[in-house]
Amino acid sequence: MPQTVDTLFLNAHVLTMDEKMNQYSRGAVAVTGDSIVAVGHEDEIKKEYSAKEIVDCKGKILMPGLINAHTHVPMTLLRGIADDLRLDVWLQGYMWPVERQFASPEFVRLGTSIACAELIKSGVTTFNDMYFYEDDVATATAHAGMRGVCGQSILKFPTPDAASYEDAMEKARDYIKKWKGHPLIVPSIAPHAPYTCTAEILQETADLAKEFDIPLHTHLAETSFEVDNMRNENGMPVIPYVKKQGLLEAKVIAAHCVHIDVGEIRSLHHAGAGVSHNPSSNLKLASGFAPVTKMLDAGLNVGIGTDGPASNNDLDMFEEVRLAAFIAKAVTNDPTSLPAPQALLMGTRLGAQALHIGHLTGSLTPSRRADLILVDISPAHNSPSFRRSADNPYAQIVYAGKSTDVTDVMINGTWVMRDRQLLTVNEGELLAHAADIARKIDSFLIEREQSVLSKLIALGGSSEEESFEVQVKVKIAESAPVIQALMRNEIDIIYERHYREHDAYFHFDDPSQGRLRYREDDFVDEKGNVTKARTRLTLIGVKREGQFEHEVLLSRSRFLAPATNSLRFYREYFKPESEVAIEKDRLRWLIKYKDTEFYVNLDNVLTPALGYYLEIKSRTWSRKDADSKAHLVNELLELLGAANSETVTDDYIDIVHEG
Ligand SMILES: [Zn+2]
């Protein structure tokens with residue numbers, strides 16, 4: 001008597017992707033409950049099993065569902081929002097500000113459901129995620145009937161779902177407890193990256209992952225910039241650094257690993273870490289080429305991921321697997337590198353192993369979960385079919401197959417797509433909601449882009465601060481007499497500093513926006529050595545608020561913040577109409593004159609060579625206060641022997657422009 005199972009797949013070309021890469025040209029698979037019971041030749045399977053549901057596969061390829069080893073599924077809602085940008089500008093200039101404004105549990109559920117529709121339709125049965133509100137990602141994923149390793153993000157900054165990292169850790173713990181043991185969801189913890197986490201966060205997340213025996217998902221060595229910074233700050237590359245923090249003691253899933261050497265590959269292998277290779281994302285963001293063949297040769301479990309749909313811009317694993325094969329060939333200058341069977345293995349079993357769930361899914365093997373797909377290989381773009389070599393069917397899938405050739409998808413023994421009809425997700429309804437949100441995000445960004453100030457504020461980290469200054473600037477022939485005059489008894493010197501200042505002024509089309517100054521102050525000590533540098537960003541209002549005798553001005557600066565990013569970042573983010581660089585040697589004194597504090601700057605403008613200028617400044621708070629200070633400024637000009645010097649009402653920048 002044959003054993004009765006739930007579903008019997010007959011008349012299929014079965015690619016098992018198992019340890020022996022068994023394939024059956026007229027194969028069959030038996031499924032009961034959530035699991036695969038048997039895989040083999042149709043004749044033998046039919047003898048042993050009968051089923052309630054018989055599926056005639058009509059010669060299609062029957063294979064394990066694809067594993068998307070790294071993504072951020074809710075970002076389907078941010079697909080196409082900002083492209084052709086560098087990673088830091090894209091992330092800090094667009095993604096983070098929009099996420100701060102829009103990410104919510106509802107947003108995340110909607111984005112995840114849309115991703116599930118796209119993933120299922122393209123033959124993906126499992127994905128590895130990292131985002132905020134991961135409880136909602138997990139909820140929507142389970143609702144769609146998909147398998148997900150869902151990682152709750154942890155960063156050192158406040159995030160849309162946590163005010164602090166302590167708060168985030170507490171929520172993560174509850175989240176993990178809630179989902180641990182779920183038939184479809186594997187909860188995980190996701191410290192975003194070493195550069196967005198402190199050493200303490202890396203240590204604590206590793207401890208949490210070990211405590212609950214769950215995967216730890218993170219981005220490692222994605223760009224050479226990240227590796228250079230790591231070397232500068234910690235004297236070692238990324239993998240040794242995270243190892244030092246105990247991260248590799250957890251079941252790590254490391255996304256990217258573009259810039260790692262053979263020693264680092266060995267460390268990852270020794271630790272049993274999995275890697276996600278993300279070809280489209282690395283190409284689009286010009287991150288470089290991951291040493292994929294070296295990782296595979298070392299025995300690492302390397303899966304393939306799409307990365308988030310805002311940096312790809314799709315979740316198409318067919319495209320990703322093909323790209324992985326193509327890039328490996330181009331990079332090694334060897335067309336035999338990463339052949340089709342191995343590329344497809346990365347998209348299936350190796351991917352599952354990289355996610356530490358190889359015992360559950362990734363191959364058509366008895367006792368594994370029934371996560372499988374049917375792929376039609378009869379369309380014109382995939383005809384004819386050769387079967388001379390065992391590699392032919394793999395090549396058909398990898399080099400000619402398209403995600404739209406996937407006709408049927410079963411996950412955990414349950415159908416989620418039949419004959420290209422989604423069964424668990426209402427795509428039309430979801431897309432209408434997504435269009436609504438896109439309109440709102442567009443308005444938000446349009447409004448923000450109208451003002452330099454709001455673009456500055458959108459970067460976060462500091463808030464608007466207005467300051468008013470009474471100031472005068474005069475051109476002088478030489479500096480020695482002024483320095484001499486500062487020694488007079490009426491003037492108390494509180495301190496003296498010496499800087500080398502490098503300023504970049506950004507100009508904008510609309511002068512009422514003011515101008516943005518990026519300043520690097522190199523502090524010069526008594527021996528003439530540069531001892532420290534600080535960088536600041538100032539939005540300077542062009543409008544003069546008042547004018548006094550001797551062209552003493554009341555001016556306003558609207559925003560002052562430490563510049564945490566590079567000049568290149570701000571240039572690409574603000575897109576100024578023009579830019580002028582000024583370098584000067586500045587002696588600066590803080591003095592007290594008649595009980596009032598003033599800054600006295602003695603500048604030697606070196607680039608362009610404009611010579612010496614004397615500036616006297618004081619912060620002020622009211623018009624009356626400004627009046628009395630303007631009066632004192634004039635007295636000081638007199639004392640310093642500069643009362644008859646030519647006053648300059650403009651910044652150096654204007655002098656350069658007129659010059
Ligand atoms: Zn990513």
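Below, each value reflects all heavy atoms present in this structure, side chains not excepted, and no hydrogens, waters or symmetry copies.
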Mind checking what makes ring-ring contact (aromatic ring centres under 6.0 Å, His included) contact with H219, not counting sequence neighbours?
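Per chain and number, H219 pairs via ring-ring contact (aromatic ring centres under 6.0 Å, His included) with H70, H72, H192, H256.
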
Test of understanding: with ring-ring contact (aromatic ring centres under 6.0 Å, His included), list the residues that count as partners of F326, not counting sequence neighbours.
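Checked F326 against ring-ring contact (aromatic ring centres under 6.0 Å, His included); matches are Y399.
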
Contact list for [range], test ring-ring contact (aromatic ring centres under 6.0 Å, His included), sequence neighbours left out:
| range | value |
| --- | --- |
| residues 271-318 | none |
| residues 11-62 | Y24-H41 |
| residues 405-425 | F9-W415 |

Without hydrogens or angle criteria, can the side chains of S403 and D316 be said to hold a donor-acceptor pair below 3.5 Å?
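The answer is yes; a qualifying pair exists.
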
Under 3.5 Å, is there a donor-acceptor pair between the E320 and N68 side chains?
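Note: E320 and N68 side chains miss the donor-acceptor criterion.
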
How long is the gap from OG on S276 to CG on N278, to the nearest 0.5 Å?
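Nearest 0.5 Å value for the OG-CG distance: 3.5 Å.
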
Working to the nearest 0.5 angstrom, can you tell me the gap between D56 CG and L8 CG?
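It is 11.0 Å, given to the nearest 0.5 Å.
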
Closest heavy-atom contact between [X] and [Y]?
| X | Y | result |
| --- | --- | --- |
| A28 | V14 | N-CG2, 3.8 Å |
| E99 | P160 | O-CG, 3.7 Å |
| T348 | L344 | OG1-O, 2.8 Å |
| I357 | T126 | CD1-CG2, 3.9 Å |

Could you check whether [X] pairs with [Y] (Lys NZ or Arg NE/NH1/NH2 to Asp/Glu carboxylate O, under 4.0 Å)?
| X | Y | value |
| --- | --- | --- |
| R26 | D43 | no |
| K52 | D6 | yes |
| D442 | R439 | no |
| K171 | D161 | no |

Listed by chain and number, what are the side-chain contact (heavy atoms from CB on, under 4.5 Å) partners of R173, not counting sequence neighbours?
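Residues passing side-chain contact (heavy atoms from CB on, under 4.5 Å) with R173: K177, L208, E211, F212.
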
Among residues at least two apart in sequence or on other chains, which ones pass side chain to side chain donor-acceptor pair (under 3.5 Å) with [X]?
| X | answer |
| --- | --- |
| Y165 | E200, E204 |
| D334 | T336 |
| E429 | N426 |
| K178 | D135 |

Can you name the salt bridge (charged side-chain N to carboxylate O under 4.0 Å, His left out) partners of E118, sequence neighbours left out?
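For E118 the salt bridge (charged side-chain N to carboxylate O under 4.0 Å, His left out) partners, ignoring immediate neighbours, are R79.
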
Should we count NE2 of H182 as having more than 12 external heavy atoms under 6.0 Å?
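Yes.
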
Result of checking T141, T125, D371 against R147 for side chain to side chain donor-acceptor pair (under 3.5 Å)
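With R147 as partner, side chain to side chain donor-acceptor pair (under 3.5 Å) holds for just one option, D371.
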
Side-chain atoms of residues 294-301: list all donor-acceptor pairs with protein atoms under 3.5 Å, sequence neighbours left out, distances to 0.1 Å.
from, atom 1, to, atom 2, distance (Å)
N301, OD1, Q353, NE2, 2.9

